[in-house]
Amino acid sequence: MGFLRDLFVNVVLTTPLVGAYTMFALGIVFIYRGSRVLNLAHGAMAMFPAYIAYALTGVAGPYAGALIALAAGGVLGLSIERVLVRRLRPAGPTAQTVGTVAALGILIALAARIWGTTPIHAKGVFPDKSFAVGNSALSLGGIALFFIAIAVAGGFIALFRYTDLGLAMRCSADNRRAAALMGIDPERTTAVAWLFAGALAALGGVLLAASTNLHPYTLSLQVLPAFVAALIGGLENVSGALYGSILVGFTVGIVPSLGGIGKQTGAPQVALAFLAFIVMGMRGGRFAATDVRSGL
Amino acid sequence: MKRLVGFALLVGGIILLPWLPGVPLSVVINADYAGELAIVAISLVILTGWVGQISLGQGAFVGIGAFTTGLLARGLHIPFPLNLPFAMATTAAVAALLGVVALRVRGLYLAVATLIFAWMADAYLFLSSWFVGKGGASTIRNRPIGRPGTVTHFDLSDKRVFYLVVVAVVAAVVFAARNLRDSKTGRAFFAVRGSETAAVSLGIDVAKYKLLAFAVSGALAGLAGNLLLTDLRTVTPVTFAFTQSLFFLSVAVVGGIMSLGGAVASGVFFAALNELFFRVELLNGYVDIVSVLLLLVVLLGYPGGLGALGPDLVHRLRVAKSRRTQRRHRAEVRRAEVRRAEERASAPAHIPEPGRVSRFARRLRLPSLRSVVVKLRPRRVDMPRYTIDPALLAGTKSHGPASNGERTMVVPPVVAAPAGWRVAAVDGFALPPDRGQREPVLRARNVIVRFGGLTAVNDVSLEVREHEIVGLIGPNGAGKTTTFNAIAGLNEPTAGTVDLFGVDVTREPVHRRAQMGVGRTFQLIQLFPQLSVFENLLVATHVHNETGFFSHVALTGAATRAERDARDQVTHVVSLLELEDVAHRKIAGLPFGILRQVEVARALVTRAPLLMLDEPASGLDNNETDELARLLYFLRAQLGISILLIEHDVRMVTSVCDYIYVINRGAPLADGTAAEIQRHPDVVSAYLGEPAGEMAREEPVHAGR
């Protein structure tokens with residue numbers, strides 16, 4: 001029974017990660033649908049607003065700080081789209097991807113320049129209270145992160161399904177020209193996608209920074225599992241991103257508790273890589289379907 | 001002469017750079033680094049630029065190369081030049097393994113997969129003690145090569161000496177990559193990137209070439225890793241942190257993702273940045289920001305990359321220089337055109353010389369026994385291959401009228417062109433009047449295709465026999481293209497069999513069917529937009545080129561000969577279809593009618609005795625459709641090619657087809673000759689929707705039938 005109890009404890013302890021990954025994966029999916037771009041700057045789009053929230057907490061208090069950081073995240077997303085991704089569209093997806101790499105580099109360098117590279121413990125929006133789970137503790141902020149993420153994901157799924165804006169975004173993701181012919185401005189829906197993605201990344205970053213640490217590089221890399229989650233979900237699928245995040249979050253949490261090989265450094269990454277490759281092997285046909293169709 | 005001297009000076013300068021007066025050691029060190037970066041960039045140019053597989057994991061490949069080198073040098077005491085092939089082979093194998101993923105997923109999905117791979121290598125592989133040694137770093141000692149004190153003594157630890165090694169390796173890599181680009185392999189790469197559907201239809205094994213690209217790219221990255229470790233002697237996992245992969249991709253993109261020269265230039269550019277930061281103290285602490293900003297400047301200001309910089313400058317100079325010559329040239333062309341038009345008006349139509357009639361199919365092997373074997377071990381068996389006589393395509397041999405030479409097509413007066421297809425073609429392959437006496441080339445029996453619950457094709461059987469033009473018609477959504485794709489292998493039939501040249505190919509992949517001798521065109525044109533017309537046609541010589549990868553890399557005599565043959569073949573087809581004027585123009589930007597012709601030409605270059613054309617006349621005007629009909633008739637009558645044709649244009653189908661199948665809602669409706677079909681009441685009501693009387697009154701384009 002000890003093993004099962006450990007497993008349960010680990011699952012519970014992983015919930016904040018699931019929440020963060022969900023928010024990041026949703027943003028990655030929005031951006032992929034909006035621009036057909038893999039946004040490698042997503043980690044930096046979470047990290048930079050987290051620093052902004054940290055810097056403003058002293059001046060404006062934690063709530064105002066977080067809200068401003070959220071807005072800043074949205075603006076950041078918009079400007080990356082305007083300055084880099086849109087202008088690089090004629091040069092092709094590889095150039096666009098490298099454009100987001102450049103954004104990643106610049107944001108990390110700026111953060112390191114302004115706030116330094118020593119890890120900082122950021123004070124969270126929620127009171128510093130925690131609950132004992134097994135031998136560890138789960139902070140209130142962590143629990144909040146999970147539930148906020150689930151609520152946000154549900155909200156976005158509803159938005160896509162039931163609102164005009166959602167419909168417009170879905171159809172311009174499918175076919176920009178056809179959407180334009182129906183009177184939808186695809187540039188606008190793309191901008192909205194980046195705005196949402198930026199704000200979500202900021203929210204995830206601010207909440208995650210409270211339960212881990214603030215560091216320009218490390219915090220940016222926290223987003224990597226979310227790429228796996230988005231890929232597992234199908235990269236275009238909003239609800240898929242949610243399921244993918246749950247799978248990825250629990251894998252990251254559970255693998256070390258399996259002991260033995262699982263305890264080694266990098267074991268979660270290896271597990272995630274295998275997970276991703278298995279899912280790709282299974283769904284491959286569906287991933288590849290578009291090209292075949294257009295050829296016939 | 002001036003050029004030669006300049007070139008010699010440049011090469012000499014590059015080689016002697018470390019020994020030139022006033023060149024500090026730091027420059028030499030960064031020059032070594034430039035070479036290593038250039039090789040990584042070239043590995044990405046091949047994989048991402050040529051084959052279109054975005055790799056965010058190149059840093060991991062370089063790391064694997066470096067650590068393999070370290071393992072060999074430390075553990076087995078295998079020193080530098082000897083451990084190089086091992087490092088390349090190991091990395092190539094790992095890369096090919098990752099390439100298996102690329103067989104399942106495409107585009108940015110693959111990019112994420114490579115990202116995950118790099119991240120895993122970074123977080124696990126490069127930290128595990130069995131791979132990188134106890135200290136977590138790979139440290140090696142380089143043994144000098146040769147005896148000390150002699151001329152052949154190479155102390156690899158001397159950065160100046162190592163510079164020579166780097167220069168030699170970079171030169172060799174650029175040479176090999178250039179050869180590859182201009183070979184059958186390179187064209188197959190471009191084809192995979194341009195359109196996988198078209199590539200398989202030309203007999204290119206897409207899976208093989210994707211894996212090959214990963215292996216080649218991995219080998220080059222491993223080579224770079226090997227050089228890097230030999231150069232630095234110590235590398236830590238941090239050297240290959242996964243962000244390094246992103247940096248490498250940036251280097252390749254700044255160079256211009258397709259360009260070899262650009263890759264080298266970009267390597268030099270980033271190494272020069274290093275040197276700059278080392279020299280200018282003011283920049284200290286701003287290294288990251290400044291280099292990213294420079295990256296952005298190049299990316300946004302020059303999306304073509306550094307590789308386009310040189311050709312662009314040369315082009316601009318040339319344009320400025322030759323403006324006057326151009327004007328003179330244009331006037332000349334105009335005069336020549338007028339002269340030609342006058343000559344054409346006075347010359348009589350030219351009819352090809354009569355010659356001997358011969359059967360077209362040169363069977364290489366007996367199919368009957370093989371078809372059994374094919375079923376048992378489908379992947380191992382060499383399929384028989386059928387081709388039409390290249391001499392026919394070249395026009396050095398032609399077929400005259402058959403005994404019943406009256407069966408010619410009545411076509412509008414011909415604008416004369418010497419011996420081309422625009423001439424009223426004379427039938428060299430007359431068909432026996434009884435269809436049963438014609439030998440079947442293609443036989444689809446009881447083909448059923450279901451997509452989920454939808455039955456798209458229900459029990460369709462059709463045959464194409466030797467030298468026939470067979471039409472497959474039906475209203476929109478009747479299942480014509482689905483039937484077509486089941487025959488070509490693009491989708492597998494739920495039930496039924498497909499025989500090609502008497503061999504059951506139901507379970508064979510598309511490229512194997514194409515290799516047997518099936519050429520095809522697509523409803524939505526599938527040409528390679530980045531290539532010129534001539535290059536598009538060259539891709540189609542793939543099936544007939546027997547030379548292999550290594551002979552392409554080393555540019556052997558066999559490879560050169562095969563290349564010349566390929567060009568000859570394409571030249572023949574270009575002149576046959578009178579595409580000379582557009583031969584060296586890029587596909588992107590050519591008019592639609594020309595593109596249709598190029599697609600037919602590309603299918604012709606494969607020398608396939610069976611062509612499958614999917615609505616070749618869609619989007620063409622009446623004149624162009626007439627021309628196309630004449631061309632098809634020429635192919636049948638003069639080259640003996642059998643044709644299966646999907647078409648909407650009833651006038652065209654009834655004018656050229658020897659036999660017609662009609663399907664409706666996925667099921668067969670009728671089949672017969674054009675006259676029979678036109679009279680068939682079901683066809684008239686279901687498809688044509690006109691009273692029979694009006695159809696009968698329509699003038700048939702055929703005569704003598």
Side-chain angles (χ1 to χ4, degrees), chain A residues 28 32 36-38 40 83-84 87-88 90-95 97-106 108-110 112-113 217 220-221 224-225 227-228 230-231 234-235 264-277 280-285 287-288 290-292 294-296, chain B residues 48-49 52 54 56 100-101 103-113 115-117 119-120 122-128 195-198 242-243 246-247 249-250 252-254 257 285-289 291-293 295-296 299-300 303-305 481-482 484-485 490-491 522-524 526 614:
Chain A
I28 291 166
Y32 181 76
R36 300 285 145 187
V37 163
L38 197 63
L40 293 172
V83 179
L84 289 169
R87 296 181 63 181
L88 286 172
T94 321
T97 310
V98 169
T100 65
V101 171
L104 172 77
I106 258 186
I108 289 182
L110 273 180
R113 192 75 213 151
Y217 192 71
S220 301
L221 292 195
L224 281 172
F227 280 103
V228 185
L231 183 73
L235 208 52
Q264 282 186 13
T265 342
Q269 280 87 340
V270 177
L272 281 188
F274 275 106
L275 192 68
F277 290 138
M280 274 187 285
M282 276 161 41
R283 302 187 44 147
F287 283 145
T290 36
D291 188 71
V292 175
S294 66
L296 308 182
Chain B
T48 304
I54 301 177
L56 299 174
V100 173
V101 175
L103 304 184
R104 300 287 293 176
V105 295
R106 290 200 178 87
L108 290 173
Y109 291 89
L110 177 68
V112 180
L115 178 80
I116 295 169
F117 172 74
W119 183 41
M120 178 182 76
D122 180 13
Y124 178 73
L125 191 62
F126 296 158
L127 292 178
S128 65
S195 159
E196 289 188 18
T197 317
F242 106 102
T243 43
L246 306 183
F247 170 65
L249 186 64
S250 308
V253 167
V254 164
I257 195 67
Y286 294 91
V287 175
D288 293 345
I289 297 180
S291 38
V292 176
L293 282 179
L295 168 68
L296 280 181
L299 209 57
L300 290 174
T481 297
T482 312
F484 227 55
N485 286 331
L490 278 167
N491 47 37
F522 296 87
Q523 191 178 349
L524 305 168
Q526 295 274 321
D614 193 348

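Protein chains get the first letters and strands the later ones, always in sequence-line order, with residue 1 at the start of each.
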Check your understanding: Roughly how far, to the nearest 0.5 Å, is the OG1 atom of A:T97 from the CG atom of B:L249?
Key -> 7.5 Å
Check your understanding: With a 4.5 angstrom heavy-atom cut-off, which part of A:A273 approaches chain B: side chain, backbone, both or neither?
Key -> both
Point to revise | A:L221, part contacting chain B, at a heavy-atom distance under 4.5 Å | key: side chain
Exercise for review: Using non-hydrogen atoms and a 4.5 Å limit, figure out which bit of A:V270 sits close to chain B: side chain, backbone, both or neither.
Suggested key: both
Check your understanding: Would B:L56 and A:L38 count as a side-chain contact (heavy atoms from CB on, under 4.5 Å) if you check the C-alpha gap in whole Å, the side-chain angles of each, and the deciding distance to 0.1 Å?
Key -> CA-CA 11 Å; B:L56 299 174; A:L38 197 63; 4.0 Å; yes
Review point. By a 4.5 Å heavy-atom criterion (distance strictly below it), what part of B:S250 contacts chain A: side chain, backbone, both, or neither?
Key: both
Study note, to complete from the structure: From the list A:A102, A:P90, A:A276, A:A91, the residue making the most non-hydrogen contacts under 4.5 Å with chain B is A:A102
Point to revise | When B:L115, B:T48, B:V254, B:L293 are compared by non-hydrogen pairs under 4.5 Å with chain A, the top option | key: B:L115
Check your understanding: Can you tell if the side chain of B:T243 reaches within under 4.5 Å of the side chain of A:Y217, non-hydrogen atoms only?
Key -> yes
Check your understanding: Do you know the tightest heavy-atom contact between B:L300 and A:R87?
Key -> CD2-CB, 4.0 Å
Practice item. Just do the side-chain contact (heavy atoms from CB on, under 4.5 Å) check on B:I257 and A:V98 with the steps written out, would you? Key: CA-CA 11 Å; B:I257 195 67; A:V98 169; over 6 Å; no
Check your understanding: Tell me, side chain or backbone of A:F227 under 4.5 Å from chain B's heavy atoms, or both, or neither?
Key -> both
Exercise for review: Go through the atoms of B:L125 and report whether side chain, backbone, both or neither lie under 4.5 Å from a heavy atom of chain A.
Suggested key: neither
Check your understanding: At a heavy-atom separation under 4.5 Å, does B:V112 approach chain A through its side chain, its backbone, both, or neither?
Key -> both
Exercise for review: Show the numbers, then the answer: is there a side-chain contact (heavy atoms from CB on, under 4.5 Å) between A:L104 and B:V292?
Suggested key: CA-CA 9 Å; A:L104 172 77; B:V292 176; over 6 Å; no
**Study point:** From CG (B:L246) to CG (A:L40), nearest 0.5 Å
**Key:** 6.0 Å
Practice item. Side chain from CB out, backbone as N, CA, C, O: work out which of these in B:I54 comes under 4.5 Å of a heavy atom of chain A, or both, or neither. Key: side chain
Revision key, fill the gap. Between the CD1 atom in B:I116 and the CG atom in A:L272, the distance rounded to the nearest 0.5 Å is 8.0 Å
Exercise for review: State the OH-CG distance between B:Y109 and A:L235, to the nearest 0.5 angstrom.
Suggested key: 4.5 Å
Check your understanding: Between CD of A:Q269 and OH of B:Y124, what distance do you get to the nearest 0.5 Å?
Key -> 11.0 Å
Practice item. Of all the heavy-atom pairs spanning B:V253 and A:A95, show the shortest one and how long it is. Key: CG1-CA, 4.2 Å
Review point. Given B:F247 and A:V101, is the side-chain contact (heavy atoms from CB on, under 4.5 Å) satisfied, shown in steps?
Key: CA-CA 8 Å; B:F247 170 65; A:V101 171; over 6 Å; no
Exercise for review: Could you look at A:P225 and say if it's the side chain, the backbone, both or neither that has a heavy atom under 4.5 Å from chain B?
Suggested key: both
